[in-house]
Amino acid sequence: MFDFLDMDALLGAFWVTVKLTVYSAIGSLIWGTLLAGMRVSPVPLMRAVGTAYVNVVRNIPLTVVILFTSLGLFQTLGVTLAGDNFTVINFRLAVLGLIAYTAAFVCEALRSGINTVPVGQAEAARALGLSFTQVLTLIVLPQAFRSVVNPLANVLIALTKNTTVASVIGVAEASLLMKSWIETYAALLPIVAIFAFGFICLTLPTGLVLGWVSKKVAVKR
Amino acid sequence: MSGVSVTKGAEDAVPATTDLVVLSNVNKHFGALHVLQDIDLTIARGEVVVVIGPSGSGKSTLCRTINRLETIDSGSIAIDGKPLPEEGRELARLRADVGMVFQSFNLFAHKTVLENVMLGQLKVRRTDKKAAEEKARSLLDRVGVGSQADKYPAQLSGGQQQRVAIARALAMNPKVMLFDEPTSALDPEMINEVLEVMQQLARDGMTMVVVTHEMGFARSAANRVVFMADGKIVEEATPEEFFSNPRSDRAKDFLSKILHH
Ligand SMILES: Nc1ncnc2c1ncn2[C@@H]1O[C@H](COP(=O)(O)OP(=O)(O)OP(=O)(O)O)[C@@H](O)[C@H]1O
Ligand SMILES: [Mg+2]
């Protein structure tokens, strides 16, 4: 019954999933933070750009975003992200698409965190003579991050599962292997169960660990 | 300090030597509300000015315009001869010279007491770490919370937090200190510990603008009382004059209400 089970292939595919998740998580955290900074900036143009970005990207299906990186960026504009073969190029394009998409959600989570920081915190910082960037990076964002660990954990869990969309441009992550096994072997249920279990193994600890971190770093007022 | 200082002309060409804070003809609106109406106020170096008045009269707004936490619509504000610059680096530098103490303390919640007092020195004054810590500890000792240095603000009482906030402002070596109702959020038994620190500051010659309802503090520490109502400065006098012989009806009315408590 489990004769389809090729552990090397399985672990290899999940390893791609993990890599997609980690790179995209780091990238979207950075880009999402910059976007959040733009959305609370005193410069109207920055705010407008940040708002427009979030509202456009958030409302496009991820599949479309990922397809665009391949069809639009790579095949039309020739963007290869310094990759020299399709595997590498597609992987990097998928990461780029996932970052672009997930950053919008990171930005919104952070912005809700910024709203939990009392205005007096920023005022006291400004009154000391800190610049806008210093107020944001030293006072507001550190407190905002601490209050949104849980929402960010949800974004990270969603991201882990969203990496399966990378298969539409041929990235050999877990779900692509699942599809090929389903087509090859007559064991639909066990195959699906194994992959479902694999994803739970990735996301459940994320949720638990970050839930604990969230309590640990919460700002007491 | 005998008489009330006379407001200087609007455009003084030479930086005054004694006048530290000069507001001339300052106006501000919140939408339709005219919160500050033709405010002229000059604060001399070393002077302690107490601002009192009914709720909503614009005291906090006045206080906050002095370091430009609130912008003004017209008029001018100068500190130590320099007009307040637009938002940006210049303004940040000027704000560093103006200490501010808020009603709600506003200590940085994610930083320890010591870090709160060191932050401005490190990031604005670019003091080296060792010197900043030394100064922070000595200021914390001075306001009587030296033993709390490694705690977080939420672990301190209101009175302790406010004293840390004063230390945080003093760490910048400000030319003038602004206090916006520094004791209004405190339990009664903690008010005096904060007022004592402020009284000591006044004795040490700090220039202070204090919005407060603490008449005891006004009598003992202020050189001048400024009474505001409906966005205007209605009366300015020494504390003795003001409390014993208020001239305006608004002031008489206000005093009769608060002194009955
Ligand atoms: N950000 C704001 N937007 C709109 N109106 C405001 C704002 N801040 C203050 N006001 C209004 O301006 C008026 C003056 O406010 P201000 O806080 O300066 O009064 P105050 O004299 O300090 O009063 P209190 O004794 O209650 O602190 C009030 O009517 C207040 O409602
Ligand atoms: Mg007020």
Side-chain angles (χ1 to χ4, degrees), chain A residues 29 33 36-48 109-152 210 212-221, chain B residues 60 63-64 66-71 86-112 115-126 151-156 161 164-165 168-174 176-180 185:
Chain A
L29 204 56
T33 305
M38 286 168 80
R39 291 207 70 176
V40 297
S41 151
V43 185
L45 181 67
M46 297 266 258
R47 277 204 305 275
L110 257 182
R111 207 163 62 96
S112 72
I114 289 174
N115 290 336
T116 68
V117 181
V119 294
Q121 295 283 305
E123 281 187 346
R126 285 161 71 207
L128 279 182
L130 296 173
S131 67
F132 171 77
T133 321
Q134 286 177 320
V135 174
L136 197 64
T137 55
L138 297 172
I139 305 300
V140 177
L141 282 178
Q143 294 187 46
F145 268 113
R146 288 156 191 254
S147 70
V148 295
V149 174
N150 273 326
L152 284 179
L210 289 178
W212 175 81
V213 169
S214 158
K215 289 206 191 77
K216 194 89 183 150
V217 300
V219 181
K220 289 168 197 72
R221 299 198 189 280
Chain B
S60 296
C63 207
R64 292 160 57 86
I66 296 176
N67 66 356
R68 211 169 180 277
L69 282 181
E70 297 286 358
T71 55
E86 291 290 296
E87 199 77 37
R89 225 164 256 294
E90 272 296 302
L91 179 64
R93 198 166 306 146
L94 185 135
R95 277 187 181 136
D97 291 337
V98 180
M100 181 143 196
V101 175
F102 301 83
Q103 181 173 351
S104 48
F105 330 134
N106 296 348
L107 292 179
F108 305 130
H110 63 308
K111 296 200 172 285
T112 64
E115 289 168 340
N116 265 275
V117 185
M118 287 171 65
L119 185 81
Q121 301 183 67
L122 296 176
K123 301 294 176 182
V124 179
R125 297 288 192 217
R126 309 272 169 201
K151 291 194 180 161
Y152 283 88
Q155 296 171 289
L156 270 55
Q161 288 191 53
V164 173
R168 176 176 68 178
L170 288 176
M172 307 301 289
N173 290 332
V176 50
M177 288 276 285
L178 311 173
F179 295 83
D180 187 6

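The shown structure was predicted, so the numbers you read here are calculated from the model rather than taken from an experiment.
- Residue contact with chain A, scored on non-hydrogen atoms closer than 4.5 Å, is absent for B:Leu91.
- For A:Ala125, the parts sitting under 4.5 Å from any heavy atom of chain B are the backbone and the side chain alike.
- Not a single donor-acceptor pair under 3.5 Å links the side chain of B:Asn67 to the backbone N or O of B:Arg95.
- When each of B:Gln155, B:Arg64, B:Arg89 is checked for heavy-atom pairs under 4.5 Å with chain A, B:Arg64 comes out on top.
- Between B:Val164 and B:Pro153 the shortest side-chain heavy-atom distance does not fall below 4.5 Å.
- The greatest number of non-hydrogen atom pairs below 4.5 Å with chain B, out of A:Val219, A:Leu138, A:Val119, is found for A:Leu138.
- Both the backbone and the side chain of B:Phe108 come within less than 4.5 Å of a heavy atom of chain A.
- A distance-only check finds no donor-acceptor pair linking the side chain of B:Gln103 to the backbone of B:Asp180 [under 3.5 Å].
- With hydrogens and angles ignored, the 3.5 Å screen pairs a side-chain donor or acceptor of B:Arg125 with a backbone N or O of B:Ala96.
- Side-chain atoms of B:Glu90 do not come within 3.5 Å of backbone N or O of B:Glu86 as any donor-acceptor pair.
- Ranked by heavy-atom pairs under 4.5 Å with chain A, the list B:Ala109, B:Gly120, B:Ser104, B:Ala171 is led by B:Ala109.
- Proximity to chain B involves both the backbone and the side chain of A:Glu123, based on heavy atoms less than 4.5 angstrom apart.
- Counting heavy atoms from C-beta on, the side chains of B:Met100 and B:Leu69 come closer than 4.5 Å.
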